[in-house]
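Here's the structure, in structure tokens; my notes come after.
Just so you know, these numbers use all the heavy atoms, side chains as well, and skip hydrogens, waters and symmetry mates.
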Amino acid sequence: MPNLPQLAAPQRMGLPAARPPLTQRAKAAIIVQFLLNEGADVPLSSLPEDLQAELTQQLGRMRYVDRETLNAVVEEFADALDSVGLAFPGDMAGALSLLDGRISARTAMRLRKEAGVRQTGDPWERINKLDEERLARFVSSESTEVAAVMMSKIDTAKAAKVLARLPGDRARRITYAVSMTAGVSPEAVDRIGISLAAQLDAEPLKAFEERPDERLGAILNYAASAKRDEVLGGLEETDRDFAEAVRKAIFTFANIPDRLKKSDVPKISRDVPADVLTQAIASASSEAELRTVEFLLENMSKRMAGGLREDAAGMSVKGKRGEAAQNAVISTIRDLVQAGEIDLKDPDSDEEE
């Protein structure tokens, strides 16, 4: 057979050179760049750090791709998504996050300890959600430098309340240390947050979220005043400190002027039915309760205050009926606090509006 002439190389014939096949990393970089250009929010921070680094390096190596290649990669990506029927977390940390709030806290904690998995998410978000008292204990138990980082990371208003709970000398050392946190690296802040969150995970579960004095105070809020006084008298004989803590936790109709802000009174008059509020006002008999009545009437609209005062003047409300009306007002205030619409004042603070 005669020899056939050898075919010329593609470059010599004027044809484009064959492109090497794209790697999976390159395809991933193309998809990420395409989504970012389209304005999509791509949560790359949820990827493992080594994958984030590899993706960033791949993006740095690439220059451009033609329209045909882009369309082919996007079509392949779309086909892959369409073929997925169900996606699972892939690890114990993801599974626990998926079931957060759906399995018991006790089971979740046991599984985390068995698998050596810490709670996911930003540890500083968890720390910032702690109440001021818990944060103050945290700050008191840590070094001055760590405490300064904590005070810098939590909300400013909450940090001020935490600072107010600390002894003067300790507060001064921490505030001075805050001025020296400018050089702290983000990695150090992350390590501190993870360490503090690990302490939270290591704490044993409690059967009750609220303190004993808070729970007893909530119970006595709805008890008859005579029974409440009887119980508090007995507690003072047994444990004076606990009795004092319970008194601070109690929030009754008579405590409204000391705990409610004047600017929040219109919200109470809005949510409490007019007839119930009238009965609560008419039932006031003690000096403290009459002070509450004046506090409420003075801080609502004059028209409403005049109507309530006039209606209550011709009404006689005593005994259980009056206490029920006053408790209804307190329940509304507590509901508004729980909904985040109002904040009660600390009975020990000198807070002014």
Side-chain angles (χ1 to χ4, degrees), residues 17-103 105 107-130 146 149-150 152-154 181-202:
R19 300 186 188 89
L22 290 171
T23 64
Q24 291 299 108
R25 291 181 182 178
K27 292 178 180 179
I30 291 172
I31 292 298
V32 168
Q33 183 66 57
F34 173 75
L35 292 174
L36 292 175
N37 287 351
E38 294 297 317
D41 182 16
V42 186
L44 299 177
S45 60
S46 61
L47 294 174
E49 291 190 2
D50 56 339
L51 290 183
Q52 294 182 48
E54 289 179 11
L55 177 62
T56 304
Q57 292 166 358
Q58 183 66 42
L59 283 166
R61 286 192 294 266
M62 299 180 72
R63 293 296 177 264
Y64 64 88
V65 295
D66 56 42
R67 176 73 57 182
E68 182 182 353
T69 302
L70 174 61
N71 291 339
V73 173
V74 170
E75 184 176 354
E76 180 183 345
F77 179 68
D79 290 342
L81 287 181
D82 288 340
S83 66
V84 175
L86 191 63
F88 291 88
D91 55 22
M92 182 60 74
L96 287 168
S97 296
L98 179 67
L99 297 177
D100 185 32
R102 294 175 174 82
I103 60 177
T107 301
M109 177 173 283
R110 178 175 61 81
L111 291 174
R112 287 188 192 281
K113 287 185 177 180
E114 291 176 356
V117 175
R118 73 175 180 87
Q119 188 160 332
T120 57
D122 184 357
W124 288 109
E125 289 185 6
R126 293 182 59 199
I127 295 167
N128 195 49
K129 290 178 181 178
L130 299 175
V146 170
V149 172
M150 285 182 61
S152 301
K153 287 292 292 183
I154 62 178
T181 57
V184 179
S185 66
E187 292 77 12
V189 173
D190 288 342
R191 287 196 300 271
I192 292 172
I194 292 171
S195 175
L196 295 175
Q199 293 183 41
L200 293 177
D201 292 336

Please lay out, stage by stage, how Val184 and Thr181 fare under the test side chain to side chain contact (heavy atoms under 4.5 Å, CB included). CA-CA 5 Å; Val184 179; Thr181 57; 4.1 Å; yes

Can Lys153 and Ile192 be said to form a side chain to side chain contact (heavy atoms under 4.5 Å, CB included), step by step? CA-CA 11 Å; Lys153 287 292 292 183; Ile192 292 172; over 6 Å; no

Residue list, side chain to side chain contact (heavy atoms under 4.5 Å, CB included) with Ser185, at least two apart or on another chain: Glu187, Ala188

Which atom pair, heavy atoms only, marks the closest approach of Gln52 to Ser45? NE2-O, 3.3 Å

Can you tell me if Arg61 has over 12 outside heavy atoms packed within less than 6.0 Å of its CZ? yes

Have Asn37 and Gln33 got a donor and an acceptor in their side chains that come within less than 3.5 Å? yes

Can Val149 and Trp124 be said to form a side chain to side chain contact (heavy atoms under 4.5 Å, CB included), step by step? CA-CA 11 Å; Val149 172; Trp124 288 109; 4.0 Å; yes

What one should report as the nearest heavy-atom pair of Ile194 and Pro123 is N-CG, 3.8 Å

Taking side chain to side chain contact (heavy atoms under 4.5 Å, CB included) as the test, write out the residues that go with Lys27, two or more places apart. Leu22, Gln24, Val73, Glu76

Under 3.5 Å, is there a donor-acceptor pair between the side chain of Thr23 and the main chain of Ala26? yes

Got a second to check how far Ile127's CD1 is from Ile154's CD1, nearest 0.5 Å? 9.5 Å

First locate atom CD1 of Ile30, then atom OH of Tyr64, and finally report the distance between them rounded to the nearest 0.5 Å. 13.0 Å

Quick one: does any side-chain atom of Thr69 pair with a main-chain N or O of Val65 as donor and acceptor, under 3.5 Å? no

List in chain and number order the residues that pass side chain to side chain contact (heavy atoms under 4.5 Å, CB included) with Glu54, two or more places apart in sequence or in another chain; answer none if no residue qualifies. Arg25, Leu51

Ile31 side, atom CD1; Leu36 side, atom CG - distance, nearest 0.5 Å: 11.0 Å

